[in-house]
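Reckoned from all heavy atoms, side chains included, excluding hydrogens, waters and symmetry mates.
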Amino acid sequence: MKKVSLSDSGPKVSEAIYGFWRWKDEGAETTAAIERTINLCLELGINTFDHADIYGDFTVEEHFGKVIKTKSFKREDIVLFSKCGIRKSDNGDFKYYDTSKEHIINSVNGSLKRLNTDYLDIFLLQHSDFLADPEETAGALAEVVKSGKVKHIGVANFSVFQHQLLASYLRIPIVTNHIELNLMNTTAIEDGRIDFIKQCFSKPLAWAPLAGGRILDGTDEKAVALRAKLEEIGKKYNANIEQTAVAWLMKLGTLPIIGSLSETRIRNAASASDIQLTNQDWYALYQVVNPFL
């Protein structure tokens, strides 16, 4: 799998990225399973890994860090993301957003410690905090970059206006936006987020590339129709439904974040980079869910 520049100033990353949002803490077996997954990804050419402080209730980064500590691969051979911004309430009943300076700095330090690394290649805000002072938030991001603890910054789930607001307070670039994007949810295309990210000379990252499994096994009318079209078009490329759905994202210039724990599905997603859909086939799939012509 080839490596691509995430932005005109950001790092080179693999065309597909592996994310740990579905992982849970199951003790030592989690560390062993993460090590197997890392090795599989590296074998397939996926060298970019996406974390957040809250994944696995603040445990997944620690398991990944144990693998880093074994030195089974060189730290400089992987690209490591982490995020913060979503917190649990004191009683654990709900989640809320926090991108205050204190929380950002504490989160960066916490992720570095758990991951057993001196730096993050990219640190992202996981959600816009409606109550944040954007100048304070921007200042905290600039501070962690200046300290060398973070190489680049990004955002996740930001609207165009939220992205623009934060950028207006920064002198360093925002190199990407993690957005939900798949053939069952194309709102990022229609609401301008894809265009804006590209205008910033960046590549969007697409989470839930298979719509949380709905593309593969959804029983609603739209999912069934889409699956039939994916199967039809996939035959032209000797590709299955998963490969074709991920190739559709790559054709748009987005980088899918793979979250599956299944080796087969990870392999399917990785091999999608070899599929070059024609413009006609890309639009044929888009029209199934957005009949605009």
Taking [X] for its side chain and [Y] for its backbone only, find out whether a donor-acceptor pair lies under 3.5 Å.
{"X": "N116", "Y": "G65", "answer": "yes"}
{"X": "E29", "Y": "E26", "answer": "no"}
{"X": "T30", "Y": "K24", "answer": "yes"}
{"X": "N185", "Y": "L181", "answer": "no"}
{"X": "S82", "Y": "S111", "answer": "no"}
{"X": "T186", "Y": "I189", "answer": "no"}
{"X": "S273", "Y": "A270", "answer": "yes"}
{"X": "R87", "Y": "I54", "answer": "no"}
{"X": "K203", "Y": "T254", "answer": "no"}
{"X": "E62", "Y": "T59", "answer": "no"}

Run the side-chain contact (heavy atoms from CB on, under 4.5 Å) check on S202 and L6 step by step: do they pass?
CA-CA 6 Å; S202 302; L6 190 54; over 6 Å; no
Tell me, do [X] and [Y] make a side-chain contact under 4.5 Å, heavy atoms counted?
{"X": "D121", "Y": "V13", "result": "no"}
{"X": "L252", "Y": "K198", "result": "yes"}
{"X": "L226", "Y": "I215", "result": "yes"}
{"X": "Q162", "Y": "F130", "result": "yes"}

Report the distance from atom [atom1] of [X] to atom [atom2] of [Y], rounding to the nearest 0.5 Å.
{"X": "N157", "Y": "I86", "atom1": "CG", "atom2": "CD1", "answer": "7.0 Å"}
{"X": "Y286", "Y": "N279", "atom1": "OH", "atom2": "CG", "answer": "14.0 Å"}
{"X": "D98", "Y": "L125", "atom1": "CG", "atom2": "CG", "answer": "10.5 Å"}
{"X": "W248", "Y": "L183", "atom1": "CH2", "atom2": "CG", "answer": "4.5 Å"}
{"X": "Y55", "Y": "R114", "atom1": "OH", "atom2": "CZ", "answer": "13.0 Å"}
{"X": "I122", "Y": "D50", "atom1": "CD1", "atom2": "CG", "answer": "9.0 Å"}

Can you confirm whether or not the ring centre of F81 sits under 6.0 Å from the ring centre of H51?
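F81 vs H51: aromatic centres not under 6.0 Å.
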Decide salt bridge (Lys or Arg N to Asp or Glu O under 4.0 Å) for K88 and D57; before the verdict, give the C-alpha distance in whole Å, the side-chain angles of both, and the deciding distance to 0.1 Å.
CA-CA 10 Å; K88 283 187 176 181; D57 198 18; 3.3 Å; yes
Lys/Arg-Asp/Glu bridge criterion (N-O < 4.0 Å) met for D118, R75:
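Answer for the salt bridge query: no.
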Would you mind checking if E143 and K146 are paired as a salt bridge, meaning a charged N to carboxylate O distance below 4.0 Å?
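No, no charged N to carboxylate O under 4.0 Å.
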Examine K151 relative to Y119 and say whether NZ or CZ is less than 6.0 Å from the centre of the six-membered ring and inside a 45° cone about the ring axis.
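Yes - K151 lies over the ring of Y119, closer than 6.0 Å to its centre and within 45° of its axis.
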Cation over ring, R193 on F158, under 6.0 Å and within 45°?
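Not satisfied by the 6.0 Å and 45° rule.
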Out of C41, P256, S260, which residue meets the side-chain contact (heavy atoms from CB on, under 4.5 Å) rule with Y18?
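That would be C41.
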Return the orientation label for the H127 and Y97 ring planes: parallel under 30°, perpendicular over 60°, tilted otherwise.
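Rings of H127 and Y97: parallel, as their planes differ by under 30°.
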